[in-house]
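First the structure, in the form of structure tokens, and then the observations on it.
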Amino acid sequence: MWHFENCIGSFSGLEKMRKTVHWMMKNRATMVIWVVVIGKLISAVSLNQDLNLYWPSFLLFPATLKKLHLDVHIAPHDIQNAAKDFGGRHHFPPAAVVYPTSITDIQNVVRLVYMMGPYSKLTVAAKGFGHSLEGQAQAEDGIVINMQSFKGIQVHKESGKYTTPYVDVNGGELWIDVLRETLKAGLAPRSWTDYLYLTVGGTLSNAGISGQAFRHGPQINNVYHLQIVTGKGEIMNCSNDQNSELFYGALGGLGQFGIITKARIALEQAPEMVKWIRVLYSDFRAFTRDQEYLISKQDGPTFDYLEGFVALDKEGLLNNWRASLFTPQNPISLSTINTKGRVFYYLELTKNYNEKDRTNVEEEIRALLEPLSFIPSSVFTTDLPYMDFLDRVHAGEMKLRSKGLWEVPHPWLNLMIPKNKIAAFDKGVFKGILRNNSNGPIIIYPMNRKRWDDRMSAVTPDEDIFYLVALLQSAVSTHNLEYLLEQNERILSFCEKAGMGAKQYLSAHNTQDKWKKHFGFKWNKFVENKRKYDPHTILSPGQRIFRKSKAFSVL
Ligand code: FAD
């Protein structure tokens, strides 16, 4: 009997098991979700144990961050500030702002978010000085790490194993402070941006370009070593010889693979003085021919900096906020030139020197200017200390701030145009779409592609020489903003239709397809790096390349 009952028992047990398996097969999706939920609970509890936290505080994120002894702010004014940038058009308030004072602070934040798993929507944005144009340093409902509180600069006068002296700089340092500190040792970085109130981590995540790039390449070409906190919260040291994939990926990597906590930057002997020269052109072809000639000179003396500008009217010639330090020693009278309705171009050049070499430098400049075809008698020159030259835009900033014109929206458009299309761009955009009108400076200067390393994430057009064209317009009213945004769209569509092969710099593409096109042959590597170094798509969400909302599907 008992045997029979047992048999029945085992038979009904088998039947139950069969039914259970059948139910599981029918409800596979539900089962998977349960497995994930249980898995997450287990990992969350172990995460709490790991971090010595109470279970409920895990849900209260800012409190959790505080328990890690982080300087966390959730006050409305911190949140509002973190949701602002120079572009002035995008505002994505974060849940909390962290002010790190050590690499461990940064690591703890990223690691905590990473350990929450791919299904958490929480993201992290490193914010430099917030000089982005379209919310790139923001993290909606996420955590903003304000890098400016993470300071540190050590100058090394000896080159050691490198070819030049160098400086180790924390990611949140401003370039102006790097300059001040290195000048104390008579040294300075070689490649610059026009404006120095930008952070080292911020410009290295883009490229960092200015009039020295034709000689030294962009700032990302002048880095020996990086220390990075990856999207998994690991601290990694990288260089050409060590973890080189991450090193090159992060240079121009738009903050996608890690937070740059430290950079080792090449230095050169700093000159005492700069001779700053400006010459004028009315003929675009002569203007570009001279620029291309100057940047192609391989041997012998050359200028140290070269940038061109477009002046759509006489005002543009006189009122360039970028050049407000310019007090020329020998100005020509503009009234002698018929400027009415004409587009003018001017070239800015500098030659560095030390006081003892002043006479020689003047001769060198005369020889360098000799083959150029600018308007005769249009040479402006001025002498100023190296520091004042590099910090020239700050004076213009102060002027605009005093008039309340700095904190207006900036619908800037920065394009890289291949050399063989630049004349078409002049005709179609400067003389066409802009119709002799601009609400800000227009910069145009060429660079040598060979100074850009293809292993870096930063992209350029596919031609040996390409131009940066920066339309740096300010919007003084809503109407004006709409007009300028629409104008930018027309310029982009003009470039597209003309098959220019232009690339945007500081770009803000709004779909992954556009990003794919932007990165071109670098896209697959970019995605591979993202999978490897930030697999939960935590970092720099404001770039809008990968979205976290549907975890995994974006990669
Ligand atoms: P943010 O805007 O704060 O950040 C930029 C991006 O980098 C964000 O995605 C952010 O999440 C990420 N990021 C910030 N810090 C780090 C870090 N430590 N590690 C990893 N990712 C990080 N650019 C030029 O190349 N040449 C110029 O001459 C030039 N002139 C400019 C003049 C003005 C007036 C302004 C406002 C900008 C200019 N820029 C120029 C653009 C500048 O390079 C960008 O704004 C850049 O983003 C740096 O600004 P930021 O340090 O404030 O970085």
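Owing to the predicted nature of the structure, the values given are computational and were not obtained by experimental measurement. Order of listing sets the numbers, starting from 1, for every ligand and every atom in it.
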Please state which part of [X] comes within less than 4.0 Å of ligand 1, counting heavy atoms only: side chain, backbone, both or neither.
X: His410; value: neither
X: Thr261; value: neither
X: Phe129; value: both
X: Tyr197; value: neither

(Q) Quick test of your reading of the model: are Asp464 and Arg449 salt-bridged, counting only N-O distances below 4.0 Å? (A) no
- Proximity flag Tyr505 to ligand 1, non-hydrogen atoms under 4.0 Å: yes
Ring geometry between [Y] and [X] (parallel below 30°, tilted from 30 to 60°, perpendicular above 60°):
X: Tyr224; Y: Tyr162; value: parallel
X: Trp515; Y: Phe519; value: parallel
X: Tyr197; Y: Phe129; value: tilted

> Are any of the side-chain heavy atoms of Leu267 and Val155 separated by less than 4.5 Å?
Replying inline: yes
So which of [options] gets nearest to [atom], if we judge by its closest heavy atom?
atom: atom 16 (C) of ligand 1; options: Gly201, Ala250, Ala207, Ala263; result: Gly201
atom: atom 10 (C) of ligand 1; options: Ala126, Gly135, Gly255; result: Ala126
atom: atom 51 (O) of ligand 1; options: Leu174, Ile209, Thr199; result: Thr199

So CD1 of Ile491 and CG of Leu415: to nearest 0.5 Å the spacing works out to 7.5 Å
